[in-house]
Amino acid sequence: MDLPKLAIAALGGTVSMQARHAGEGVIPTVSGEALLASIPELTTLAQVTVETLGMLPSASLDFEFLLRVLSWAKFQVEHGAGGIVVIQGTDTLEEAAVFFDYLWPHDIPLILTGAMRSAAQPGADGPANLLDACRVALAESSRQRGVQVVMNGQIHQACSVRKVDSLALQAFSSPIVGPAGLLLENHVRYLHPPRPRTVLPWPQQTTQKVAMLETSLSADTLLLENVLTLGYDGLVIGGFGAGHVSQSWATVIEHLCESIPVIIATRTGSGSTALASYGFSGGEMDLIRKGAWMAGFLCPRKARILLWLLLGCQRLDELARYLGSGIDPQH
Ligand code: ASP
């Protein structure tokens, strides 16, 4: 029987990092090919092609590079791949996942994975995560689920997953909705049915700039006041609680909303922004009246990616629809 085709791209990250000399910090050095050598059993599951598309810490990935990775993935699907795996650093895994998910038009799974322990560290989790990611990418039950993250035996949806711990092995979670599935004794088990997905067109423009600021107690308005003069095309604010800012920020935001889209998300790390609960100046009802958008369940970073993509494909008029389609458990 012909084995299914699986295409794997390595971009760098801790999973590919080693120290050149004893006592030095780890840096990306291990190629995708070498990573695959650590999971020989994969050859019994799939015909594998692997490419090393980058050797970067994930903090240095950018949207243009991710668009090139996505073009590579689409090319692989057009040439018969039945599953795609992208290996990258975990620091921006949740952002890359949602960026890909907004643009992934295929039923074929695109799975992201990485590692919390570097390649030569005792108990390195890279090989297990990579093999799990391949199993998920090859599973029939993963189709029509868009882009997912596989880490530490769990499968997470791109729209809900967050890195919630800086160094722990169990670093990823999906607040409120939980993981989409698990790997149990090497089998892929989903806990929820696939959600309907909406996919954005490819951005024709990539020069748009979206700023992101977080509220903090007693913060001045200096940066906020300069967002327009600095040339930003959009702004996302990680607001207090259910999407709130101080009175002084609310005044500047009203002015900004006359020129650019402003989205208010919650800085709390879990839950949704409110729509109709708080009436004080700087509360969500006031900010909505002033022209701001509420991010719902989207975290500030993911809201920024959505806004960047919508600006890039001239679909800003669909912002409300996309903000409403986050991880809302009702959907
Ligand atoms: N600590 C990060 C990782 O897990 C480094 C990175 O994101 O590249 O891969």
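Read the numbers this way: they start at 1 and go in the same order the structure lists the ligands and their atoms.
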Query raised in the report: Are E95 and K302 ion-paired here, with the side-chain N under 4.0 Å from a carboxylate O?
Result: no

Requested in this report: Please identify which atoms of ligand 1 are closer than 4.0 Å to at least one heavy atom of G13.
Outcome: 8 (O), 9 (O)

Requested in this report: Before giving the answer on side-chain hydrogen bond (donor to acceptor under 3.5 Å, both in side chains), spell out for H156 and Q148 the whole-Å C-alpha distance, their side-chain angles and the decisive distance to 0.1 Å.
Outcome: CA-CA 6 Å; H156 294 273; Q148 301 187 99; over 6 Å; no

Report task. Using a strict 4.0 Å cut-off to heavy atoms of P57, name the atoms of ligand 1 that fall inside it. Result -> 8 (O)

Query raised in the report: Do NZ/NE/NH1/NH2 and the carboxylate oxygens of R197 and D101 come within less than 4.0 Å?
Result: yes

Requested in this report: Determine which pairs satisfy salt bridge (charged side-chain N to carboxylate O under 4.0 Å, His left out) with at least one residue from residues 218-240, sequence neighbours left out, and list them in order.
Outcome: none

Query - Those atoms of ligand 1 less than 4.0 Å from some heavy atom in D91 - result: 1 (N), 2 (C), 5 (C), 6 (C), 7 (O)

Query raised in the report: Near W308 CH2, under 6.0 Å, is it more than 12 heavy atoms from other residues, nucleotides or ligands?
Result: yes

Report summary line: Among non-hydrogen protein atoms, atom 4 (O) of ligand 1 lies closest to T90 OG1, 2.3 Å

Query raised in the report: Hey, is A115 touching ligand 1 through its side chain, its backbone, both or neither, going by heavy atoms under 4.0 Å?
Result: backbone

Requested in this report: With side-chain contact (heavy atoms from CB on, under 4.5 Å) as the test, would you mind laying out the steps for Q88 and L112 before giving the verdict?
Outcome: CA-CA 7 Å; Q88 68 150 82; L112 271 63; 4.0 Å; yes

Query raised in the report: In this structure, which one of Q76, R68, K74 forms a side chain to side chain contact (heavy atoms under 4.5 Å, CB included) with W72?
Result: Q76

Query raised in the report: Under 3.5 Å between some N or O of ligand 1 and some N or O of Q88?
Result: no

Query raised in the report: N/O to N/O below 3.5 Å, does that happen between K163 and ligand 1?
Result: no

Report task. Give the atoms of ligand 1, by number and element, whose distance to some non-hydrogen atom of T14 is under 4.0 Å. Result -> 1 (N), 2 (C), 3 (C), 4 (O), 5 (C), 9 (O)

Query raised in the report: For ligand 1, is A171 a contact, meaning one of its heavy atoms is under 4.0 Å away?
Result: no

Report summary line: Nearest non-hydrogen protein atom to atom 7 (O) of ligand 1, with distance, is S58 OG, 2.5 Å

